[in-house]
Each structure stands twice: as structure tokens, then as C-alpha cells.
Undergrad: 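Below you'll find the structure I mean.
Quantities reported herein were computed from a predicted structural model and do not represent experimental measurements. Throughout, protein chains are lettered first and strands after them, A, B, ... in sequence-line order, and every chain is numbered starting at 1. Hydrogens, waters and symmetry mates play no part in the numbers below; they use all other heavy atoms, side chains included.
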Number of protein chains: 2
Amino acid sequence: MSKSSCVGRPKSFDVDDVLEKALAVFWAKGYEGTSLTDLTQAMGINKPSLYSTFGNKEELFIKVVDLYEQRPCGFFRAALAETTAKTMVAAMLNGAAQSFTDHSNPQGCMIIQSALTGSDASESVKQALINRRLEHQNDLKKRFEAALQQGDLTTDYSADVLAQYLATIIQGMTIQATNGITAAELQCVADLALSHFPGLERN
Amino acid sequence: MSKSSCVGRPKSFDVDDVLEKALAVFWAKGYEGTSLTDLTQAMGINKPSLYSTFGNKEELFIKVVDLYEQRPCGFFRAALAETTAKTMVAAMLNGAAQSFTDHSNPQGCMIIQSALTGSDASESVKQALINRRLEHQNDLKKRFEAALQQGDLTTDYSADVLAQYLATIIQGMTIQATNGITAAELQCVADLALSHFPGLERN
DNA sequence: AATAAATAGTACCGGTCGGTACAAAATAAA
DNA sequence: TTTATTTTGTACCGACCGGTACTATTTATT
């Protein structure tokens, strides 16, 4: 299954390792704001190596987004797996507050901020990120549907609106993070949002 | 007071008119995603005219942001002037929902999305937009402080947190708009946010 | 009609963009 | 040790980037 080549000159770098370096750059500067020079310098490889390994800039970016969803943005899937609607929403908001203001990384959510606008040349990348956001929002919707059905959540709002509302708050938190809000302040916002979220019994 | 020159060849274009054209481009493509070719084509002028009239790309962008705040984003100041906290928050959320999904313009808020990330060269523009957002958030804070003081708003949350929370929702609504949410759907989100906003008596 | 002032248009500047051709170097297989 | 295969590093590609020098043109003033 390993596609490691058994013949020829071996790679002088670890693929996963340099992907992580590329993630840091794309996350901080966005898709179009990142140049190939930025990438090759951060990754410690030269352009032909980058192209032979990852295809081109856009394909590299998509691979980086996959990595981002698995690791720094991992709180999302973990939160989805929470057993109750309340703990799910809480894990979403707390995870976002913590992840978006983690100073060991760029601030905010990469999927939201790295290609919000751009030239026509990056239209496909913009659309790819929109699709990711809509997929995640659909995950929320399905989770809310299940919660409504099993009586875990009591409200007249549809799962659709609840998902859009929660997504809105999380996406707004990313802007707050890029504005430089502190982790504590963003946690206060998350707490407020949780305690006023519809359908979850007050405590 | 008019700085219209009384001697020499007259301008062949109206300054406010071409600023409007520049606004449409920057709004849709962002600061770095917009090239001078995009601008001169949309504005119908050539580069030397652009530079002699507006300085350079960055100065033109700032002038465009000023224009944006006065016109398409004018709901903000109008909402601030509302007499009660409840009508103020309602006007903010409704105005955002309507403005961000108005199909006669690009979707979303220009100040939020046109320079969220970018190369080092656009650092000053990024910071300028962050400052605008923080100024607007401070406007909200002062409005909430006044409402809390005059008993118009009853909650234990500080004006700071309330302002951050409302800003978060509005900023999230811009992402929803770029995702392609419909005006009706975004209005539902705004309605939900309003009816669950802390301190405003339920109706 | 001559002059001065301001704009319009063309053509160009160095630098950087994403992407690649090509040859040297490093490995495994024969 | 030769051969085949893969990666490396350098040097380069055309296109476009933001910005400008220079000239022609259009106006008001003298």
C-alpha cells in the first residue's frame, strides 16, 4: 500500500512534515497571499520537488485543507460525536473559541478565511472552501435533526435554521480571532452563545 | 472650497462615479485579488489618471472603504441611532441580513472580507480593516453602555461582551452571505439571534 | 495667437507570479 | 560496474504585478 519508491534517489524530506509547514503559511496568508517562494522556503524544498510531490499550488492547498480538517480543526468532529445536543453545541463553541485563539497557530479558521475573496484565477479554490463550509453546516443540520427527533432538543426552529445559526456564530468567532480578541474574551462570547442557544434547557 | 481645477484640461470622468466602480471590484475580489487592470477597466480610466487622482492602489482602497461605510453599509449608523436597545439590535441584524444578501452588489460585508488574509505587502491594509471593525465594535459597546445605564437593557453581561457577541453574529452573517445563503434564510437567522439576544424583553 | 496648466494615452520599468526544462546527483537493480 | 529510475538544484519561461516617464491633447489665461 505504501507508495514509497523502492528505486531511484530517495526523497530528502518527509511529505507529512512539509505539508504541516505549508499549512502554517496558507493559514496565515491565505491562498492567493501565499507565493511559491513562501511555500518552498517554509517547506525547505525547491519548486520541482513541490510540483512532483503535490501537483501544483492548488492541489497542494487542497491537501493542506484536508490536513487542517483532521488536526487543528479536529474539535469539529469530536464535538459532532457528543451524546447530547447541549454538550455538542458546547463542545463546538468551546472548541472554536480555543482553536481560533490558539497562539501556537495563526488565528481563526483556515477554511473560512483563506480564500474568502480573490482574483478570478482562484475561483475554484473559493468554491472548494464554500463547499467544505456547507458540508460542515450540513453535518450540523443532520445532528440537530437527530436531536430534535429523539427529544434531546425542544424548539420550533428547524434543524436547518439551527445549523445556520450555529455556523454563523462559529464563523463570526473566526473574524473576532483575526481581530485579535483574547482567548478569554472569545470564551465569554462562546458562553453567552451557549446559554442563549434555543432548545437547550437552561441550567 | 471646491478643488476643481480652473485651468488645464478638465477631467473626463466623475471622481465619485469611478469610485463607485472601484468599490464594486474591490468588494467582489478583495484588496489583493483586485489588479490595477481590473480597476482601470471597471473605472474606464487609465493608470496615470488613477494614480494622479487617488494616489495609489492602497489609498484608492481606503477611499473606497470610506465610501462603502457611507452607502452600502449605511444601515450600521442608522441602527446605532435607534432609540431603544431592542430596536437598535433589530435594525443591526435586519440591516445586515438585507445588505449582505442584496444581489445588486457583491455578497457580504466588504470591511470584513476584502483583506482578511494576504501577503506581507498588504499588512497595512489588513490592519486598517481590523481597526475599522474594532471601531464599529466600540460603537456598539458605547451604545450598550448607554442602554445599560438608562435601564433600557437588563442583563449581567458587560457592554463589552454584548458588543463582541453582536459583532460576532454580524460577522458570521457575512460568511453565510458569501456561502450563498438566501436573503430569506439569513433573515431567519437574524430573527433567531434577535429573539435570543440577552437583556431584551421577550415579546 | 501665444502661454501655462492640467489631464489622457502609450509605452515602458524592475520585480514577482506560477510553472517547467534540463542536467547533476543519489539510489536500487542487473 | 553498468543501467534504470527518481529526486535534486539551477536557471529559465511568458505573463502579470504595481507604478511611472513622457508626449500629445485639451482647456483657461494672457
Side-chain angles (χ1 to χ4, degrees), chain A residues 2-19 21-22 25-26 29-64 114-115 117-126, chain B residues 2-19 21-22 25-26 29-64 114-115 117-126:
Chain A
S2 155
K3 63 164 69 174
S4 71
S5 50
C6 299
V7 69
R9 182 171 176 171
K11 273 182 160 50
S12 67
F13 57 91
D14 181 72
V15 173
D16 295 330
D17 217 56
V18 298
L19 256 183
K21 304 292 179 61
V25 183
F26 274 131
K29 300 191 171 186
Y31 176 68
E32 284 199 318
T34 299
S35 72
L36 284 180
T37 304
D38 293 331
L39 289 168
T40 53
Q41 283 182 355
M43 299 165 86
I45 66 179
N46 42 36
K47 281 195 271 190
S49 295
L50 191 156
Y51 275 81
S52 72
T53 307
F54 302 105
N56 60 12
K57 187 186 179 185
E58 178 167 347
E59 292 176 46
L60 170 61
F61 179 77
I62 297 299
K63 290 185 175 74
V64 161
S114 55
T117 57
S119 75
D120 297 338
S122 67
E123 191 61 41
S124 58
V125 170
K126 273 193 286 183
Chain B
S2 155
K3 62 163 70 173
S4 71
S5 50
C6 299
V7 68
R9 183 173 178 171
K11 274 183 161 46
S12 66
F13 59 90
D14 180 72
V15 173
D16 295 330
D17 218 55
V18 298
L19 256 184
K21 304 291 179 61
V25 184
F26 274 131
K29 299 189 173 188
Y31 176 69
E32 285 199 317
T34 299
S35 72
L36 285 180
T37 304
D38 293 331
L39 289 168
T40 53
Q41 283 183 354
M43 299 164 86
I45 66 179
N46 42 38
K47 281 194 271 188
S49 296
L50 191 156
Y51 275 82
S52 70
T53 307
F54 302 105
N56 60 12
K57 187 187 179 185
E58 178 167 347
E59 292 177 45
L60 170 61
F61 180 76
I62 297 299
K63 291 185 174 74
V64 162
S114 55
T117 58
S119 75
D120 296 338
S122 68
E123 191 59 40
S124 58
V125 171
K126 273 193 287 183

Undergrad: What is the distance from CG of L50(B) to P of dT7(C), rounded to the nearest Å?
TA: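 Nearest whole value for this atom pair: 13 Å.
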Undergrad: Of the options dT26(D), dT8(D), dC17(D), whose atoms approach the side-chain atoms of P10(B) most closely?
TA: dT26(D)
Undergrad: Please determine, for the side chain of K57(A), which listed nucleotide (dT10(D), dG19(C), dG18(D)) has the closest atom?
TA: dG19(C)
Undergrad: With sugar-phosphate meaning primed atoms plus P, OP1 and OP2, does S52(B) contact a base, only sugar-phosphate, or nothing at under 4.0 Å between heavy atoms?
TA: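 If one applies the 4.0 Å heavy-atom cut-off, S52(B) turns out to touch nothing in the nucleic acid.
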Undergrad: Would you say the base of dT8(D) and the side-chain of R9(A) have a donor-acceptor pair closer than 3.5 Å?
TA: no
Undergrad: So, taking the atom named CZ in F61(A) and the one named CG in L39(A), what distance separates them when rounded to the nearest 0.5 Å?
TA: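 Atom-to-atom, F61(A):CZ and L39(A):CG are 10.5 Å apart.
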Undergrad: If I take atom CG in residue D14(B) and atom P in nucleotide dA8(C), what distance separates them, rounded to the nearest angstrom?
TA: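 Interatomic distance, CG of D14(B) to P of dA8(C): 12 Å.
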Undergrad: Can you confirm if the NZ or CZ of K57(A) lies within 45° of the ring axis of Y31(A) and under 6.0 Å from the centre of its six-membered ring?
TA: yes
Undergrad: Round to a whole Å and report the spacing from OH of Y31(B) to P of dG18(D).
TA: 8 Å
Undergrad: Take atom CZ of F61(B) and atom P of dG19(D), then tell me their distance rounded to the nearest Å.
TA: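 Computing the F61(B):CZ to dG19(D):P distance gives 14 Å.
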Undergrad: Under 4.0 Å, counting only non-hydrogen atoms across every strand here, what does S12(A) touch: a base, just sugar-phosphate, or nothing?
TA: sugar-phosphate
Undergrad: Could you check how far NZ of K11(A) sits from P of dG9(D), rounded to whole Å?
TA: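 These atoms are roughly 13 Å apart.
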Undergrad: If you assign each of D38(B) and S49(A) to its closest nucleotide in DNA chain D, which residue comes earlier from the 5' end?
TA: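 The residue mapped nearer the 5' terminus is S49(A).
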Undergrad: Does T37(B) put a side-chain nitrogen or oxygen below 4.0 Å from OP1 or OP2 of dC17(D)?
TA: yes
Undergrad: For T34(B), answer base if it contacts any base atom (sugar-phosphate contacts may also be present), sugar-phosphate if it contacts only those atoms, and nothing otherwise; contact means non-hydrogen atoms under 4.0 Å.
TA: sugar-phosphate
Undergrad: Provide, to the nearest angstrom, the distance between the CG atom belonging to L39(A) and the C1' atom belonging to dG18(C).
TA: 11 Å
Undergrad: Starting from P on dG19(C), measure out to CD on E59(A) and report it in whole angstrom.
TA: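 For the pair E59(A) CD and dG19(C) P, the rounded distance is 9 Å.
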Undergrad: Is a donor-acceptor contact shorter than 3.5 angstrom present between the side chain of K47(B) and the base of dG19(D)?
TA: yes
Undergrad: Quick one: is dG9(C) close enough that its OP1 or OP2 comes under 4.0 Å of any side-chain N or O from N46(B)?
TA: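 Indeed, a polar side-chain atom of N46(B) lies that close.
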Undergrad: With the side chain of L36(B) defined as its heavy atoms from C-beta on, choose the nearest nucleotide among dG18(D), dT27(C), dA6(C).
TA: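 Among the listed nucleotides, the one closest to the side chain of L36(B) is dG18(D).
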Undergrad: Hey, could you give me the CG/NZ distance between D120(A) and K126(A), rounded to the nearest 0.5 Å?
TA: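 One gets 7.0 Å once the value is rounded to the nearest 0.5 Å.
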Undergrad: Please test T117(B) against E32(A) for side-chain contact (heavy atoms from CB on, under 4.5 Å), starting from the C-alpha separation and ending with a verdict.
TA: CA-CA 9 Å; T117(B) 58; E32(A) 284 199 318; over 6 Å; no
Undergrad: Please lay out, stage by stage, how F54(A) and M43(A) fare under the test side-chain contact (heavy atoms from CB on, under 4.5 Å).
TA: CA-CA 12 Å; F54(A) 302 105; M43(A) 299 165 86; 3.7 Å; yes
Undergrad: Provide, to the nearest angstrom, the distance between the OH atom belonging to Y51(B) and the C1' atom belonging to dT10(C).
TA: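 The distance from OH of Y51(B) to C1' of dT10(C) comes to 16 Å, rounded to the nearest Å.
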